[in-house]
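Have a look at the structure below before the remarks.
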Amino acid sequence: MLPKKSIIYLFILGCTLVLSGCFMVGPDFSRPSVKAGDQYQATAKTQFTESLGENSNQILDPVEWWQSFNDPTLNALLKQAASQNLTLQQAAIRIYQLQAQLGVTDATILPTVALSGSYANTRNSNLQEITNSPGNLVFNNAVVQLNWELDFWGKARRGIESSLNSYMSGVAAFYSADVSISADVANTYINIRNNEELIAVATTNLALQKESLRIAGARFKYGATSMLDLSQAQAQYEQTKAQIPALIASLKKTQHAMSILLGEPPDYYEKTYGNTKGSLKPPTELGVGMPRDLLRRRPDVLQAEFAAAAQSSLIGVNKAQLFPTFTLGGNFGYANSNFGGGSTGSLFSWANNSTGISAGLSLPLFYRGAIVDQVRVQDAVFQQSILAYQNLVLNAQKEVEDSLIAISTSKSSVEDYTRGVIAAKSAADMALERYKAGQNDYNTVIVAQQSLLSIQNSLVQTKSNELIGYVGAFKALGGGWSADMTPPKLPVSTVAEMTERTDWGNVVTKTGEPLNVQTGKLLLPKQDAPAEGQAPIKSTTPTQGSAAP
């Protein structure tokens with residue numbers, strides 16, 4: 001039967017442990033309110049805009065949106081970028097950094113246990129002079145010490161909350177980077193094809209103007225026209241020719257940018273994909289969803305929400321420091337007071353046991369004002385994160401609206417420019433034929449050919465703008481993300497480098513499993529009910545276990 005004093009100690013300890021799990025100072029996070037309309041502005045057909053179809057308010061299919069462009073080269077580029085882009089790999093590794101940090105934070109709620117011991121080399125000076133003995137090695141003590149700061153006000157639990165939400169924000173940041181890089185690859189590819197077409201248009205017009213220059217030269221040679229016509233023809237030809245090097249430079253730079261997006265040296269795209277031909281076609285329809293769907297469809301919005309939740313918990317961490325700190329301590333071991341001799345074995349006799357239990361309380365007095373100010377600091381940062389989240393949602397809606405109007409107006413302009421190119425080509429042909437027949441001067445030919453080149457360039461650029469508008473709409477709606485919060489798998493080479501330097505256990509090799517933490521509980525932001533046809537976000541909900549490798 002336990003002594004009465006021990007029973008009292010155990011009762012006090014039990015009550016303290018129960019109470020320490022009941023209090024958590026600081027605010028509990030909830031999703032900030034946002035201003036979101038019920039639906040996007042209608043894009044009806046007018047004199048200057050085209051309708052996007054009856055499906056403009058349906059839900060976007062988030063999986064592989066680039067397939068709607070029907071271009072095998074684009075598909076291959078996006079697949080390669082997803083596995084090799086170095087910026088994306090940095091975002092992936094940061095997730096494992098945050099998981100390791102979570103393991104550090106998670107340990108703060110546990111007691112610290114230390115084992116200490118000491119020994120002494122004792123000797124008898126008179127005896128040692130005679131026997132030349134080195135003396136006796138005597139263990140003085142061997143003690144296990146335990147110290148525990150009770151999480152009475154929830155400081156440690158709020159810290160774990162913050163680290164958990166930071167971790168989830170890091171996962172969302174990876175998928176946000178994935179969405180952005182996919183859009184960057186698509187836009188860069190569109191610009192590559194745009195530059196190729198502009199070079200083709202300029203080259204075709206240069207050949208046309210070279211023929212016009214030959215005709216002007218022949219007519220001047222036979223006295224059918226003046227030197228003015230020949231000079232004008234020469235000037236027009238040289239001007240068009242001078243535009244091509246700038247277009248080539250723009251194409252090369254865009255190809256270099258694509259190579260970097262693929263995680264390769266600058267000349268990689270030209271060597272690997274330089275001879276491919278593009279077949280980009282605008283999607284036949286675009287489902288854009290409702291503004292409220294941005295709360296679950298865009299990973300950067302979710303990232304901002306988790307970041308705000310992490311900051312909210314830091315208010316509680318700092319506020320807990322205003323209250324008394326309770327600590328428990330204890331030790332058990334053996335201490336040997338025989339310094340003149342003896343052996344190691346005699347240390348661990350029951351007569352040498354040493355046991356102690358302690359409890360402590362501390363309360364900030366003179367530093368209290370600084371702690372209050374620190375709480376205010378964290379609260380101000382939290383308020384900023386709320387405003388950043390709300391502003392992000394507003395800008396997300398703006399990006400969708402901008403993309404929709406860009407598509408609508410570009411569609412209309414493409415039709416107009418297509419008809420304009422036909423008319424301009426006919427006018428240029430007739431002007432040249434009339435000049436050859438001596439029925440008009442060369443200035444009419446110049447005007448007609450310049451108009452043809454300008455309209456053809458505008459048509460190429462407007463087609464590209466329409467495609468970029470679709471990419472912008474897909475990106476603005478979180479396209480390319482399946483709403484899965486599973487941590488990504490790291491490249492094999494990266495895992496090999498990291499495990500060679502550091503013991504990562506199986507942290508960097510296992511994927512597709514929920515995050516495990518020891519005592520934390522992730523406060524996932526409350527999600528609205530999914531809209532019809534919309535899959536809910538798959539979250540990595542923590543379960544009981546261990547975050548450390």
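The analysis underlying the following values was restricted to heavy atoms, covering all of them including side chains, and did not include hydrogens, waters or symmetry mates.
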Q: Search all heavy atoms of S403 against all heavy atoms of G469 and return the closest pair with its distance.
A: CB-O, 3.5 Å

Q: Report yes if some heavy atom in the side chain of Q303 is under 4.5 Å from a heavy atom in the side chain of F174; otherwise report no.
A: no

Q) Should H256 and D267 count as side-chain neighbours, where that means a heavy-atom distance under 4.5 Å? A) no

Q: Give a yes or no on whether the backbone of I160 and the side-chain of S163 come within a donor-acceptor separation of less than 3.5 Å.
A: no

Q: Check the pair E264, M258 against side-chain contact (heavy atoms from CB on, under 4.5 Å), reporting the backbone distance first and the verdict last.
A: CA-CA 9 Å; E264 297 288 351; M258 177 65 82; over 6 Å; no

Q: Indicate yes or no for a side-chain donor-acceptor contact from T502 to the backbone of T499 under 3.5 Å, with no hydrogens or angles considered.
A: no

Q) How far apart are the closest heavy atoms of R158 and V25, and which atoms are they? A) NE-O, 3.0 Å

Q) Any side-chain donor paired with an acceptor under 3.5 Å for S162 and S313? A) no

Q: Applying salt bridge (Lys or Arg N to Asp or Glu O under 4.0 Å), run through R376 and D379 and close with a yes or a no.
A: CA-CA 5 Å; R376 293 167 179 167; D379 186 72; over 6 Å; no

**Q.** Any Y470 side-chain heavy atom under 4.5 Å of W65 side chain
**A.** no

Q) Excluding sequence neighbours, so at least two apart, what forms side-chain hydrogen bond (donor to acceptor under 3.5 Å, both in side chains) with K79? A) none

Q | Verdict with supporting geometry, E399 and K475, salt bridge (Lys or Arg N to Asp or Glu O under 4.0 Å) | A | CA-CA 9 Å; E399 290 172 9; K475 177 186 176 184; over 6 Å; no

Q: Please tell me if the side chains of L280 and L74 come closer than 4.5 Å, counting only heavy atoms from C-beta onward.
A: yes

Q) Are any side-chain N or O atoms of W481 and backbone N or O atoms of D484, one a donor and one an acceptor, separated by less than 3.5 Å? A) yes

Q: Answer yes or no: is there a side-chain heavy-atom contact under 4.5 Å between M498 and L490?
A: yes

**Q.** Flag side-chain contact, heavy atom, 4.5 Å: L146 against N331
**A.** no

Q. Going through the checks in order, is the side-chain contact (heavy atoms from CB on, under 4.5 Å) test met by K398 and E401?
A. CA-CA 5 Å; K398 171 185 173 295; E401 296 284 7; 5.6 Å; no

Q. Going by heavy atoms in the side chains, are P487 and Y167 under 4.5 Å from each other?
A. yes

Q | S176 side chain to A172 backbone, donor-acceptor under 3.5 Å | A | no

Q) Would you find a donor on one side and an acceptor on the other, under 3.5 Å apart, between the side chain of R298 and the backbone of A476? A) yes

Q. Partners of F69 by ring pair (Phe, Tyr, Trp, His ring centres under 6.0 Å), sequence neighbours excluded?
A. none

Q) Side chains of Y189 and Q255: does their closest heavy-atom pair fall under 4.5 Å? A) no

Q. Run the side-chain contact (heavy atoms from CB on, under 4.5 Å) check on V113 and Q145 step by step: do they pass?
A. CA-CA 6 Å; V113 181; Q145 295 177 318; over 6 Å; no

(Q) Donor-acceptor check, side chain of S180 to backbone of A177, threshold 3.5 angstrom: yes or no? (A) no

List the atom pairs, with distances to 0.1 Å, where a side-chain N or O of residues 316-323 and a protein N or O form a donor-acceptor pair under 3.5 Å, not counting sequence neighbours.
residue, atom, partner, partner atom, Å
N318, ND2, L314, O, 2.8

Q) Hey, is the main chain of S33 close enough, under 3.5 Å, to the side chain of Q390 for a donor-acceptor pair? A) yes

